[in-house]
Amino acid sequence: MVLIRAKESKNSKLFFSDGKLAGLRIRRNKNPVFRELQEGDTCQFRCEVRYDKDSYGHKYLQIETILEVVKTEFPSWSILKECYGIVVKSSVSNDRLEIFNPEYGLIRTTKDFGGHVEQDDFVRFHLTTQVIKNKLIYGAVNFLPCSKEDALMYFENNVVAINYLDDEKEMFNFASPEKNFYGEVPFKETTLRPILGDIYRIYYCEYKYRNKFVRKIVDYERIEKGRDDTTTVRGQLVVSFKNKRQANNPKAYPSFGFVNQKYFIPGMLLKSADIREDCYVAAHMVLIDGKSVVFEVFPLGR
């Protein structure tokens, strides 16, 4: 196990982790081997253990009796799994940051970042485990900035079209032909300043932040065909409302609609075009893998 956190005082607790199933807290004065240990050093423990599962179904190892401890010569941190991620706001405190890793989600750090990395930096780190109140908790140590190219291969990506822009609210929307893959992005969260109908490959992460679902763009690349690969269809638009109350309100905008019973029109485009009821329209769209994403709609015959 690796010593992942320690205070200098003689009777302070040491925190060890195997980075897989186990975490251990023990006082420095419990064994002479502990006296000269530095963070990142590895010890081999011979002990009595039992296996258990936490409330999330994660298997963890509970150390009951330590029989022997030997310091090893492994390089610092080397037995812990090396991972990549991006630094994001902490879901617990505005004064702290966390690391998002595509495999393990939001990961706590064992100490403050100390100026080594900042929000939105890509990082390389070593994964730790601690058992806290019978729950297996993942953590990060030895984190350092890394290149974007090294980290991006571990992130999810998808091809999307820009289907809504609002300069006044300083935001844009993207959408994919995949069901439920869309999002609103404030300008302040990215350097991307797209044009309606542009097609991008976005790299992203998804997590819950204070009980709110977040889909954060971590990088992007424009696909050359972009707006050049557009199609226009004309036909009957049929709109729908979320409930009867909205449907009976003459000032309410529809929640969504379909042109020719085939092409989906999101509510924000209907509002932008001031469409409140069924009508004949022209819809501009781009094609992604043969499937359409509408980015403009215009009523005809008004």
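This structure is a prediction, so every number in the text was calculated from the model and none was measured.
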- prompt: Do R222 side-chain atoms and P194 backbone N/O form a donor-acceptor pair below 3.5 Å?
  reply: no
- prompt: How about K291: does its NZ atom have over 12 heavy atoms from other parts shown lying under 6.0 Å from it?
  reply: no
- request: Evaluate side chain to side chain donor-acceptor pair (under 3.5 Å) for T232 paired with H284, printing each intermediate quantity in order.
  value: CA-CA 5 Å; T232 300; H284 298 331; 2.8 Å; yes
- prompt: Same cluster for F295 and Y253 if Ile/Leu/Val/Met/Phe/Trp/Tyr side chains link at under 4.5 Å?
  reply: no
- prompt: Just by modelled atom types, is the Q44 backbone N or O under 3.5 Å from a matching donor or acceptor in the T72 side chain?
  reply: no
task: Hey, could you give me the CG/CZ distance between L192 and F174, rounded to the nearest 0.5 Å?
output: 10.0 Å
- request: Kindly say whether the aromatic ring centers of F181 and Y204 come within a distance under 6.0 Å.
  value: yes
message: Please report whether the ring centroid of Y207 lies less than 6.0 Å from that of F100.
response: yes
message: For the backbone of Q246 and the side chain of N243, can you confirm whether one donor and one acceptor N or O come within less than 3.5 Å of each other?
response: yes
message: Under a 4.0 Å threshold between the charged nitrogen and the carboxylate oxygen, would K81 count as salt-bridged to E103?
response: yes
- prompt: Are the side chains of L14 and R25 in touch, meaning some heavy atoms are under 4.5 Å apart?
  reply: no
- prompt: Would a line drawn from the ring center of Y280 to the ring center of F298 be shorter than 6.0 Å?
  reply: no
message: Quick check on the hydrophobic clustering: are M1 and L21 connected, directly or via other members, by side-chain heavy-atom contacts under 4.5 Å?
response: yes
message: Within this structure, what is the OH-CG distance for the pair Y60 and L136, rounded to the nearest 0.5 Å?
response: 9.0 Å
- prompt: Would you call E64 and R50 a salt bridge, using N to O less than 4.0 angstrom?
  reply: yes
- prompt: What distance separates D121 CG from K148 NZ, expressed to the nearest 0.5 Å?
  reply: 12.5 Å
- prompt: So, S78 side chain and P75 main chain: donor-acceptor pair closer than 3.5 Å or not?
  reply: yes
query: Does the side chain of I288 come within less than 4.5 Å of P177's, by heavy atoms?
result: yes
message: So I86 and I99, do their side chains get closer than 4.5 Å, heavy atoms only?
response: no
message: Contact between N157 and I202 at the side-chain level, heavy atoms closer than 4.5 Å - yes or no?
response: no
Carboxylate-amine/guanidinium contact E82 R124, below 4.0 Å: yes
field: Shared hydrophobic cluster, L3 / F45 (ILVMFWY, side-chain heavy atoms < 4.5 Å)
entry: yes
- prompt: If you take all heavy atoms of V160 and S176, which pair is closest and at what distance?
  reply: CG1-CB, 4.0 Å
query: Taking atom CG of L61 and atom NZ of K59, what is their separation to the nearest 0.5 Å?
result: 8.5 Å
- prompt: Ring centroid separation for Y104 and Y138, is it under 6.0 angstrom?
  reply: yes
field: R245 (side chain) donor-acceptor with K242 (main chain) under 3.5 angstrom
entry: no
task: Would you check if the side chain of R28 reaches a backbone N or O of F34 as a donor-acceptor pair within less than 3.5 Å?
output: yes
query: Looking only at atom types and distance, does a side-chain atom of N142 sit under 3.5 Å from a main-chain N or O of F125, one as donor and one as acceptor?
result: no
field: Whether D18 side chain and A22 backbone form a donor-acceptor pair below 3.5 Å
entry: yes
message: Please report the interatomic distance CD(Q130) to CZ(R5), rounded to the nearest 0.5 Å.
response: 7.0 Å
query: Just by distance, do the side chain of T231 and the backbone of M285 share a donor-acceptor pair under 3.5 Å?
result: no
- prompt: Between N260 and Q236, is there a donor-acceptor pair closer than 3.5 Å when you use the side chain of the first and the backbone of the second?
  reply: yes
- request: Answer yes if L269 and F241 sit in the same cluster of Ile, Leu, Val, Met, Phe, Trp and Tyr residues linked by side chain heavy atoms under 4.5 Å apart, and no otherwise.
  value: yes
- prompt: Is it the case that one hydrophobic cluster holds both V293 and I199, taking links as side-chain heavy atoms less than 4.5 Å apart, direct or via other members?
  reply: yes
